[in-house]
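Numbers here simply count residues along the sequence, with the first being 1. Note that the structure is predicted; figures quoted are calculated from it, not measured. Order of listing sets the numbers, starting from 1, for every ligand and every atom in it.
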Amino acid sequence: MAKSVAELTFEEAKAELAFLKKELKRNDELYYNKAEPEISDWEYDQLRRRLNEIEDKFPKLKDGNSPSQKVGAPVSGVLSKIMHKKPMLSLENAFSAGDLGNFIERIQSFLNTSENLEFCAEHKIDGLSASILYKNGQLLYAATRGDGYVGEDVTNNVKAISTIPQNINFLGEIEIRGEVYMPIQSFKELNKQREEAGEKLFANPRNAAAGSLRQLDAEVTKSRNLGFFAYYINGTDLNINTQIEVMNFVKKLGFATSGCRLCHSLDDMEKYCQDTLLERPNLPYEIDGAVFKLNALELQERLGFVGRNPRHSIAFKFPAEEAETKILDILTGVGRTGKIIPVAILEPVNLNGAVVSRATLHNFSEIERKQIAVGDTVRILRSGDVIPKIISVTQKSGNATFAMPKICPSCGADLVQYPGLIDLYCPNHYGCSAQVVRYISYFVSKNCLDIPGLGEKQVAEFFDEGRIKTALDIFKLPKKEVESPLATKPGWGTVSAKKLYDAIENSRKVSLARFIVSLGIPGVGEVIAQLLASRFKNIESLQQAEKADLVELDGLGELMAEDIYTFFRNEINIKFIEEFKNLVTVSYNEKIVDENSALYGKTVVFTGTLSRLSRNEAKQIAISKGANVSSAISGKTDIVVVGETPGSKLNKATKLGIKIMSEDEFLRIKAI
Ligand code: IVH
């Protein structure tokens, strides 16, 4: 048990602060930049809280570098930057009614009043904050919070969120702030698609929202179904006096809000927290607490800030969704790529209103590491509405640790462990029915062929009934077959059979990117597929691509390039692609590339620091103009775009007589 802060000596406090700073920095990196948090938000808040307490007791130990002086995410190097008109700060956290009481007392003492104060209570949406600037009714730009002072330019991404108005009925300049979030249902669907595509899963809806908003390609944002709740305005002569009026005003402008309630006392605030906790399991979006804002804006102004937090508002954080239960069984499933996935079946337990009976075990090394056995009592944590995970074993049953299976639970093939990967795989990719059914379900899912009416359940039935043996058999279901036998099948009927037939016909027109996603190449989801489609233009050139051509593509890396290369050299895949091409019409050139552009067909290399574009953005622009971007200069290089302090590449290019282009010239081409 750690000592209380009051008991710490100066030296102990110094040592603990150093540890806390390191831990917070490491977890910030995991959370913001890698989107792979290791600890729950609750644990993170406790670290931060302890740091604040120690700094308050030993002010000499506080410096400008302390996490307590920083807000939010470090600005990433990828998107362009935008300076906020007013800093986007953060809220102090409260964890108990006592904390809320202190908050009210602090405000009363600051304002030198004992009068009852009114607070506007709102949901604390678990998303990421964004600022949107409108001028004369038009959306001018949008930015993430970033480090609180400088955010990332997400204008195009925000424009791709359908619930954010691009035009509002307001003259002059007004900034709207609020939270971008991903609805729980969309989050589940997205993770399901990613799992099927063999991509890394998002840890929770907030990470998914952040990953979807901070994209260079706004098309990706568009496909992610993000939402936005407004809760703040910044403008002049608005004649608005309270936070409640702010919420009504933004609604009138066409923004969604998550609602609000006026509280007149600490009791009201506690009641709001209790009511919200009850409401929480039924909300379509994730919340991690409640926010209380002093209702009178004039008083908010007077209160000002302390460090990175305004004095006028506080976030009441709900406790982490943790519970204890028993493991009844451990089952193994087979994923689309053959990955064996262990799942713990739990004695049903209530986790803040939702009954939980399964938990993910990720992989077998985790079972080994935590020595998990059937019968053990475990602590589970739900982060977001994703399937909960086991965080620790609290009571051993004495049973032997769950043993790694040796054979595939579906087809009985010997399982393998590929070098460098921790998971176990069934190598029988084309003969294991669990894998085939999973692949067909993936093939017809939204990101691939998008055939509504065919879910995993229907595909499994069709497969078991012998109607389809491979994914391409979907196209071979003759109309009569679909209509008549299906019409009499329980749960179908003439109308759904006809609908399915129409959906299959509609899916025969497919973009190159979707065609690529549908192939199910491990790790190739929609983003990588877009990248491959814009680089290779047609499936034949992609099939013939050499490993070196693939490695050069930004964002691919050696391993994925190797996987893609190998995939296209497999006999079964080659035959599949031939047949697939004959059954559908692939629309090539999804984005019309201007063949007259000075960059079209050219091999471009960037060197030095660009001042107005990030390197990634510049590469995307070049690709969109039909160029190939390469990282090294060779005889094949046509153009070198030079930023500040260029490296040896400039010398090499000059020697080889390659065309040199400044950032300005490059931007001029972009504009054409
Ligand atoms: S007001 C000075 N209202 O929580 C910051 N924030 O820790 C004023 N958040 O950065 C923010 N729901 O990302 C506000 N109803 C709400 C909110 C909310 C979620 C987030 C926001 C903010 C963080 C504060």
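Checked against a 6.0 Å centroid threshold, the rings of Phe119 and Tyr272 do not count as neighbours. Between Phe229 and Tyr181, the distance from one ring center to the other falls under 6.0 angstrom.
The aromatic rings of Tyr285 and His123 sit tilted, their planes meeting at an angle between 30° and 60°.
Counting heavy atoms closer than 4.0 Å to ligand 1, residue Leu91 contributes atoms from both its backbone and its side chain. Using a 4.0 Å cut-off between heavy atoms, Met88 makes no contact with ligand 1 at all. At a heavy-atom cutoff of 4.0 Å, ligand 1 is contacted by both the backbone and the side chain of Ser90.
We find that Glu152 and Lys81 are not joined by a salt bridge, their nearest charged nitrogen and carboxylate oxygen being 4.0 Å or further apart. A salt bridge is absent between Arg280 and Asp288: the closest approach of a Lys/Arg side-chain nitrogen to an acidic carboxylate oxygen does not fall below 4.0 angstrom. Electrostatic pairing of Lys124 and Glu179 does not count as a salt bridge here, judged by no charged N lying under 4.0 Å from a carboxylate O. Remark: Arg261 does not engage Asp268 in a salt bridge, criterion side-chain N to carboxylate O under 4.0 Å.
With respect to atom 3 (N) of ligand 1, the closest heavy atom belonging to the protein is Lys293 NZ, 2.9 Å. The single protein non-hydrogen atom nearest to atom 4 (O) of ligand 1 is Lys124 NZ, 3.1 Å, given as residue, atom name and distance. Residue, atom and distance of the protein heavy atom nearest to atom 10 (O) of ligand 1 are Arg145 NH1, 2.9 Å. Closest to atom 15 (N) of ligand 1, if we only count protein heavy atoms, is Glu122 OE1, 2.9 Å. Of all protein heavy atoms, the one closest to atom 13 (O) of ligand 1 is Glu179 OE1, 2.9 Å.
Residue Ser129 has at least one heavy-atom neighbour below 4.0 Å for each of these atoms of ligand 1: 10 (O), 13 (O). Near Pro310, the atoms of ligand 1 lying under 4.0 angstrom from a non-hydrogen atom of the residue are 2 (C).
Residue contact annotation: Tyr231 has a non-hydrogen atom under 4.0 Å from ligand 1. Ligand 1 has no atom lying under 4.0 Å from any heavy atom of Ala315.
Side chains of Asp153 and Thr155: a donor-acceptor N/O pair is present below 3.5 angstrom, by distance only. A donor atom on one side chain and an acceptor atom on the other are found under 3.5 Å apart for Asn207 and Asn204.
The shortest N/O to N/O separation between Ile125 and ligand 1 falls below 3.5 Å.
When Leu89, Asn93, Ile314 are ranked by how near their heavy atoms come to atom 2 (C) of ligand 1, first place goes to Leu89.
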